[in-house]
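Please read the structure below before turning to the comments.
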Amino acid sequence: MVITVSHANRLRGTIHVPGDKSISHRGVIFGALAQGTTRLDNFLMADDCINTIRIFGQMGIDIDIKGHNTVVVQGKGIYGLSAPEVQLDAGNSGTTARLLMGLLTGQDFDSILTGDDSLKRRPMDRVVIPLRAMGAQLMGIENKEFLPMAVKGSRAKLQSIDYTMPVASAQVKSSLILASMYADKSSRIHQPAISRNHTEIMLETFGGRIHTNEKTITTYPEPTLYGQDLLIPGDISSAAYFITAALLTPDSEIVLKNVGINPTRSGILDVYKSMGASISIERIHSGGKEPSADIIVKGSPLKGTVVEGSLIPRLIDELPIIALAATQAEGTTLIKDAEELKVKESNRIDSTVGILKEFGANIEATPDGMIIEGPTVLFGTQHRPGSDHRMVMMATIAGLIAQGSTTIHDANWVNISYPGFFEQVEALRC
Ligand code: S3P
C-alpha cells in the first residue's frame, strides 16, 4: 500500500487510540495460564497481538474474538497448554517471541518458535543466555541464537535464577518471570533501570505472587492464576503520534481518550512538558493498577532537551517520534543511552536519521542516539520506511508537518500495531 500525506494547517478532534499492545499480549498469555475465563476489552486487534492469539490456539487454548475488540480466553491453568502440531510463528512480534521462549521452556513438550524475516534477525541471546542458566535447552535451528529456535520443554529441570540483566528490557524480564513460574524455587531478577512493568502487574492481578523492591523483582514458582475481566487502556505508544502531530501544528487541539499513563511508559509526556508543550492530563482513572487518562494537547512552540539515562526505557518506542518533534524545537536535542534502538524492528537510530534527513532535518546519528538541531522546515518527499510500523507512522506525521506532499511506500506495515491509523490522521484535519 502506498499513501500520500499533505501538509496540515490545523488538527482538531477527539481520538480513541487502540488498546495497549504490551498489555494485550500479556492478557492473552495470563488468560491462557489462568483457571477460568478471561475477558479482555479494548484488546489491540492488530497483527502482533493476533499472532499471540493464534499461537495460544495452537497450544489448545480456546480464544473467541467478540465484536471489534473483545477477546475471551478459556484458561487451562499453568499446566494446561498442549503440544503444538506446527511451528509457532510470532510474525513480526518480538514481545510474542521472547515472552513465549520463557513460557515454553517451562512446558513438558518441545516446540519450535519462528518469525518473519525481520524477527529472525533480532537478537534472542538476551533471553537464551539467562534461560539456559535456568537449565532450559534452546537451540537456533539455522543460526545459533536466532529464530527459528527449538525449545525443549524442561519443566522438571528448571532451576530458579538470580540474574542481573545487562539491558533494561521488559521482554527479557517478562520471559524470565514466565519461566520462573515453573522453577524449583523463588527467583530474583535485577534490572539496570525500570522498564515497563505490565507483566508484574498482570501476574499479581491474576492472583500470583511477585515482589518488586526498587529494581529487583522476586518471583515464586507454581502460582495459581484466576481468570479476570480487564479493560485495556489505550496505547500511549500509539497516542504519541497524535500528541506530536498536535504539538507541531499551530492552533491545534486534540483530545486523546483513555490513554494508559503507567509511569513506566509515560516518559514522553515528561519530555514534551520539559520542552514547553501544552499537555494536560484529565479524568485520571487510577482504580486498576494500570492508570489511564484523557490527554489534551495544544499546538506549542518547543525548545530542545536532553533525553537520557533511566528515561530511555520509559519511552523507548517513542524516540523516533520525539526526534521528529526535536526537528521543530528551538535549539539542540540530544538523545543518549539509547543503543537499544538498534535492535528494534529496524535499526531505529539509522532509520530515524535516514528518514528525517530525507525530509531536510538537521539530524546526526551517534553511537547511542542522535543529535538534532532545530527548528528546520521539512519538505515532503518519497519514503520507503521499510518493514517497521513505527517508522511508517513517524514518516506520516512528518508528512503533516512538511511543506508539499509526502508519499509513503509499504504503508501497510502500520497494521502491526495500528490498523486504522491513516483514517484517524485524516479525520483530524480542519
Ligand atoms: C515491549 C518491550 C520493549 C518495547 C516493545 C514492547 C514489551 O522492548 O520496545 O515494543 O511489551 O515488553 P524491550 O523489552 O526489548 O526494550
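Because the structure is a prediction, the values reported are computed rather than measured. In each ligand, atom 1 is the first atom listed, and ligand 1 is the first ligand listed.
- Thr95 and His25 are not linked by any side-chain donor-acceptor pair at a separation below 3.5 angstrom, with hydrogens and angles left out of the test.
- For CD of Glu214, the number of neighbouring non-hydrogen atoms (other residues, nucleotides, ligands) closer than 6.0 Å is 12 at most.
- Enclosure of atom NZ in Lys152 is not indicated, since only 12 or fewer non-hydrogen atoms of other residues, nucleotides or ligands lie within 6.0 angstrom.
- With hydrogens left out, the protein atom closest to atom 6 (C) of ligand 1 is Thr95 OG1, 3.4 Å, a heavy atom.
- If you look at His25 next to ligand 1, there are no close heavy atoms at all, none under 4.0 Å.
- Distance alone, capped at 3.5 Å, is enough to place a donor-acceptor pair between the Thr105 side chain and the Gly102 backbone.
- Within the listing of ligand 1, atoms 9 (O) sit less than 4.0 angstrom from a heavy atom of Ile316.
- Here the shortest heavy-atom distance to atom 15 (O) of ligand 1, taken over Ser169, Ser417, Ala170, belongs to Ser169.
- A distance-only check finds a donor-acceptor pair linking the side chain of Thr366 to the backbone of Gly369 [under 3.5 Å].
- Side chain of Thr38 to backbone of Gln228: a donor-acceptor contact under 3.5 angstrom is found.
- For atom 11 (O) of ligand 1, the closest non-hydrogen atom of the protein is Ser22 OG, 2.7 Å.
- Atom 12 (O) of ligand 1 has its closest protein heavy atom at Arg26 NH2, 2.6 Å.
- Looking at atom 16 (O) of ligand 1, its nearest protein heavy atom turns out to be Lys344 NZ, 3.1 Å.
- The nearest heavy-atom contact from the protein to atom 4 (C) of ligand 1 is Asp317 OD2, 3.3 Å.
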